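Treat the numbers as computed from the prediction; the structure is a model and nothing was measured. Just follow the structure's listing: the first ligand is 1, and inside any ligand the first atom is 1.
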Amino acid sequence: MLADLAAADVEFLGFHVFAGSQNLSADLICSAQRRTVDLILELARKSPPIRYVNLGGGFGIPYFDKDHPLELSAIAGNLAELLGTAIEPQLPEARVVIELGRYIVGECGVYVTRVVDRKESRGRQYLVVDGGLHHQLAASGNFGQVIRRNYPIAVGNRLGNEAEEVVNVVGCLCTPLDLLGDNVSLPRAEIGDLIVLFQAGAYGFTASPTAFLGHPPPVEVLV
Ligand SMILES: Cc1ncc(COP(=O)(O)O)c(C=O)c1O
């Protein structure tokens, strides 16, 4: 099949493999990249010359208390070895790229939404905000996460204040999925206050169902 491409009327460039996202284990990323290169070398035996090798993204960022930043030096060493010992000798025409998403923009983004109501239900205190999963699907825990965990969250206009209450921060959509903070300890927030989610620059606006229920889209501000 790959060999047939040489005779077909297509411009075959090479391979693009994306193994997954939000990985904080340098060992696992190195292993995925090694296996990807092995696979491509194997396929290259039967393919036209390879001019492009894309090893995908997947570099994670810390969102939660126990997360540690990725150790880039191990990945850099592994990539240098793969280039020097495997790709350059065996695929000399190949341009090699990685395409990082989250690692580049995730930590740069802050999502700000306003409290429009406070209410108590079955003994729980809720802060209802004018945003929600239609702006920040990943922060709501509905973007492929197996276990939902809270993004770092704060009351933006009360940053110096001590936490006073445990609340659920919910969006304005008609679904219990629309949860931005589950049992989070925050200073007491009033209607009009600003709820802030950090690490929100990736898989927010671009991954969210912005048209859901016809609420206004978020405003993106580049600072
Ligand atoms: C094909 C492809 N490349 C790159 C990325 C970026 O991944 P990451 O944010 O893990 O770096 C994605 C994300 O889904 C993807 O689907």
Side-chain angles (χ1 to χ4, degrees), residues 1-2 5 10-44 47 50-83 86-87 91 94-111 131 133-153 177 180 197-212 217-218 220-223:
M1 160 72 180
L2 279 172
L5 286 175
V10 291
E11 189 188 4
F12 175 77
L13 287 179
F15 294 102
H16 178 181
V17 180
F18 178 73
S21 193
Q22 182 50 17
N23 198 331
L24 284 172
S25 159
D27 281 351
L28 289 178
I29 291 176
C30 292
S31 156
Q33 291 180 337
R34 274 196 302 273
R35 293 173 71 166
T36 300
V37 170
D38 285 348
L39 174 67
I40 291 172
L41 292 177
E42 171 75 25
L43 293 170
S47 79
I50 289 181
R51 287 177 284 150
Y52 182 75
V53 169
N54 186 328
L55 298 176
F59 293 21
I61 59 172
Y63 289 92
F64 315 113
D65 285 350
K66 290 185 182 154
D67 285 349
H68 297 291
L70 193 58
E71 274 182 54
L72 277 190
S73 56
I75 300 174
N78 185 60
L79 279 175
E81 193 183 324
L82 285 173
L83 281 172
I87 300 178
L91 307 174
R95 175 174 166 241
V96 183
V97 303
I98 52 174
E99 49 177 13
L100 304 182
R102 189 189 311 262
Y103 195 81
I104 295 173
V105 293
E107 294 182 304
C108 308
V110 176
Y111 176 61
L133 74 73
H134 55 309
H135 298 167
Q136 276 295 331
L137 185 65
S140 76
N142 296 293
F143 189 63
Q145 291 99 326
V146 179
I147 299 171
R148 189 200 173 282
R149 289 184 289 178
N150 295 315
Y151 272 36
I153 189 167
L177 299 177
L180 294 179
L197 296 183
F198 298 95
Q199 309 293 73
Y203 302 105
F205 191 10
T206 51
S208 304
T210 32
F212 186 25
E220 261 190 331
V221 182
L222 297 180
V223 184

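- Looking from atom 3 (N) of ligand 1 to the surrounding protein, the closest heavy atom is E99 OE2, 2.6 Å.
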With a cut-off of 3.5 Å and sequence neighbours excluded, list every side-chain donor-acceptor pair involving residues 62-74.
from, atom 1, to, atom 2, distance (Å)
Y63, OH, R102, NH1, 2.8
D67, OD2, Y63, N, 3.0
D67, OD2, F64, N, 3.1

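- Results of the side chain to side chain contact (heavy atoms under 4.5 Å, CB included) test with L55 over I29, V96, V17 single out V96 as the only residue that passes.
- Here the side chains of L180 and Y151 are not in contact, with every heavy-atom distance at 4.5 Å or above.
- Once rounded to the nearest 0.5 Å, the distance linking CZ of R34 with CG of L79 reads 10.5 Å.
- No donor-acceptor distance shorter than 3.5 angstrom exists from the side chain of R148 to the backbone of N142, with no hydrogens or angles considered.
- Close contacts between ligand 1 and G101 involve ligand atoms 6 (C), 8 (P), 9 (O), 11 (O) [criterion: under 4.0 Å to a heavy atom].
- Ligand 1 places these atoms under 4.0 Å from at least one heavy atom of L100: 11 (O).
- Counting the atoms of ligand 1 from 1 in the order shown, those under 4.0 Å from a heavy atom of R102 are 8 (P), 9 (O), 11 (O).
- Residue G58 places at least one N or O, backbone or side chain, under 3.5 Å from an N or O of ligand 1.
- For atom 16 (O) of ligand 1, the nearest non-hydrogen atom from the set F59, F18, Y203, Y103 belongs to F18.
- Distance alone, capped at 3.5 Å, places no donor-acceptor pair between the Q22 side chain and the G58 backbone.
- Atoms of ligand 1 lying under 4.0 Å from any heavy atom of S21, numbered from 1 in the order shown and given with element: 8 (P), 9 (O), 10 (O).
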